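One structure below.
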Amino acid sequence: KSRQELIEYYAITGGVPKYIELFYDSPDIYTAIEKNVLSKSSFLYDEPNFLLQREVGEVGSYFSLIKTIAAGNWKLAKIATNLELKQTSLTQYLQTLINLDILEREVPITADNPEKSKRGLYKIKDNFMRFWFQFIFPNLSYIESGNEKLAMKKIRQNLVDNHISYVYEDICREEMWQYNAEVKWDFHFDKIGRWWNKNTEIDIVAFDSTGNDIIFGECKYWQNRVGIDVLTNLAKKAKAVEWKAGNRKNHFAIFSLNGFTDDLLQLAKTRKDILLFHN
């Protein structure tokens, strides 16, 4: 399969061999979803229920928690408000889901004390769980009433922007470690992750915690080629990151599914601080 197809399949299956086996013979990702997830006779239709019943006691409570996070409530305060519960009463549930590798708590990568950071966000780590709670669970009423086509329409409209593009960012961050080992830069970073504040978000920030080099990266899962405007915007966003400000060496890495414009390719040839990855 093509690179794009592999990304799409990984975005749903998370690399679980049994899921891949079910999906692999389908001509495209949407056919695979319709056949293997929307079909009530497929075990994937109710897989999250089965997985949670096997691991936890109060399935309903965990379901409500994951559903709330899937709806975009990533901060502890927002989760608690949405569920009408105290924040302290959620801690045990969240930690259980983290231990099961279903959730993860993420903080801006430059945070000095991640455990105590007030900017922590809770995300669904498992790709299939993330997909199921975003696209299947909210549309169960359509599916149960025999209107799978309506559910499929919603999936087609939103899958790329609301799911696959975020998984692509995860893939790019993983591949950065490989490029780190291949000495793409004249230093080795030892930390990598996302960075954000109230106004800005950067897909990739990687740095050498013992030195002064830092990489800012952008991941574009676009059908169009990426141009200089993306680099310009990334450099502007980088200024908001306070890590060793005024005493650091900035580098830029841009990932694109469908390549780059000629002017950006030419600029990258003249500047050692820009690396472009067409994948």
Side-chain angles (χ1 to χ4, degrees), residues 1 4-55 59-75 78-79 82-83 97 100-104 106 121-172 203 219-223 257:
K1 294 192 183 296
Q4 184 172 347
E5 286 174 317
L6 291 173
I7 291 169
E8 290 171 348
Y9 279 59
Y10 174 70
I12 311 299
T13 66
V16 176
K18 182 62 180 174
Y19 300 177
I20 294 170
E21 203 174 64
L22 288 171
F23 273 50
Y24 203 78
D25 291 331
S26 297
D28 61 72
I29 193 65
Y30 298 106
T31 308
I33 291 167
E34 197 164 5
K35 178 184 172 186
N36 298 295
V37 190
L38 263 64
S39 169
K40 285 180 273 188
S41 61
S42 168
F43 80 87
L44 285 181
Y45 177 70
D46 203 33
E47 178 76 339
N49 242 324
F50 172 74
L51 290 173
L52 286 171
Q53 283 174 359
R54 197 173 61 186
E55 301 287 356
V59 175
S61 300
Y62 287 97
F63 238 72
S64 297
L65 185 52
I66 300 171
K67 180 186 77 169
T68 301
I69 293 170
N73 301 291
W74 299 336
K75 289 186 176 180
K78 279 196 170 184
I79 298 167
N82 198 273
L83 293 173
L97 291 170
L100 290 172
D101 245 12
I102 293 171
L103 293 186
E104 62 180 336
E106 192 180 15
L121 302 177
Y122 290 91
K123 297 285 191 71
I124 301 173
K125 184 179 180 182
D126 181 279
N127 283 357
F128 181 74
M129 281 280 201
R130 196 191 309 178
F131 164 75
W132 194 91
F133 275 95
Q134 273 189 302
F135 296 97
I136 305 303
F137 189 71
N139 294 308
L140 281 178
S141 57
Y142 291 133
I143 302 165
E144 294 288 344
S145 60
N147 289 304
E148 294 93 342
K149 282 186 167 55
L150 275 174
M152 202 63 229
K153 184 181 178 183
K154 285 176 175 282
I155 291 170
R156 285 180 180 274
Q157 287 172 340
N158 299 297
L159 186 66
V160 171
D161 290 344
N162 292 352
H163 183 68
I164 296 175
S165 61
Y166 291 104
V167 174
Y168 180 61
E169 291 176 17
D170 295 336
I171 292 168
C172 294
D203 298 339
C219 312
K220 294 301 183 187
Y221 194 83
W222 287 355
Q223 293 307 313
L257 182 71

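As the structure is a prediction and not an experimental result, all values here were calculated from the model.
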Of all the heavy-atom pairs spanning [X] and [Y], show the shortest one and how long it is.
X	Y	answer
I171	Y10	CD1-CD2, 3.8 Å
K18	F43	CG-CZ, 3.8 Å
L44	F23	CD1-CE1, 3.7 Å
D161	Y166	O-CE1, 3.4 Å
P27	E5	O-OE2, 4.1 Å
S42	V37	OG-N, 4.4 Å

Flag yes if more than 12 heavy atoms outside [X] fall under 6.0 Å of its [atom1] atom; otherwise flag no.
X	atom1	value
Y142	OH	no
Y30	OH	yes
K149	NZ	no
Y45	OH	yes
K123	NZ	yes

Look at the side chain of [X] and the backbone N and O of [Y], then say whether any donor-acceptor pair between them is shorter than 3.5 Å.
X	Y	answer
S26	D28	no
N73	T68	yes
D126	G14	no

Report task. Evaluate the side-chain proximity of W74 to E106: yes if any heavy-atom separation is below 4.5 Å, no if none is. Result ->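 No. Closest side-chain heavy atoms not under 4.5 Å.
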Nearest-0.5 Å distance, [atom1] of residue [X] to [atom2] of residue [Y]:
X	Y	atom1	atom2	result
I33	S39	CD1	OG	13.5 Å
D25	K35	CG	NZ	6.5 Å
I7	I12	CD1	CD1	12.5 Å
F135	L38	CZ	CG	12.0 Å
Y122	I102	OH	CD1	15.0 Å
F137	I66	CZ	CD1	10.0 Å

### Query
After noting the C-alpha distance and the side-chain angles of E169 and Y221, does the key distance pass the side-chain contact (heavy atoms from CB on, under 4.5 Å) rule?
CA-CA 9 Å; E169 291 176 17; Y221 194 83; over 6 Å; no
TODO: Quick one: do N49 and V59 satisfy side-chain contact (heavy atoms from CB on, under 4.5 Å)? Show the steps, please.
DONE: CA-CA 8 Å; N49 242 324; V59 175; 3.8 Å; yes
| request: Inspect the contact between D170 and R130 and indicate whether a charged nitrogen and a carboxylate oxygen are less than 4.0 angstrom apart. | output: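 So R130 pairs with D170 through a salt bridge.
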**OP:** Kindly indicate, with the supporting measurements, whether the criterion ring-ring contact (aromatic ring centres under 6.0 Å, His included) is fulfilled by Y9 and Y19.
**Re:** CA-CA 9 Å; Y9 279 59; Y19 300 177; over 10 Å; no
- Query: Should Q134 and N158 be marked as a side-chain contact (heavy atoms from CB on, under 4.5 Å) after you check the CA-CA gap, both sets of side-chain angles, and the distance that decides it?
  - Reply: CA-CA 10 Å; Q134 273 189 302; N158 299 297; over 6 Å; no
Test applied, side-chain contact (heavy atoms from CB on, under 4.5 Å); reference residue, F131; option that passes from L159, I124, I164, N162: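 So, applying the side-chain contact (heavy atoms from CB on, under 4.5 Å) to F131 and each of L159, I124, I164, N162, only L159 qualifies.
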Would you sort out whether I143 and E148 count as a side-chain contact (heavy atoms from CB on, under 4.5 Å), showing the intermediate values?
CA-CA 5 Å; I143 302 165; E148 294 93 342; 4.1 Å; yes
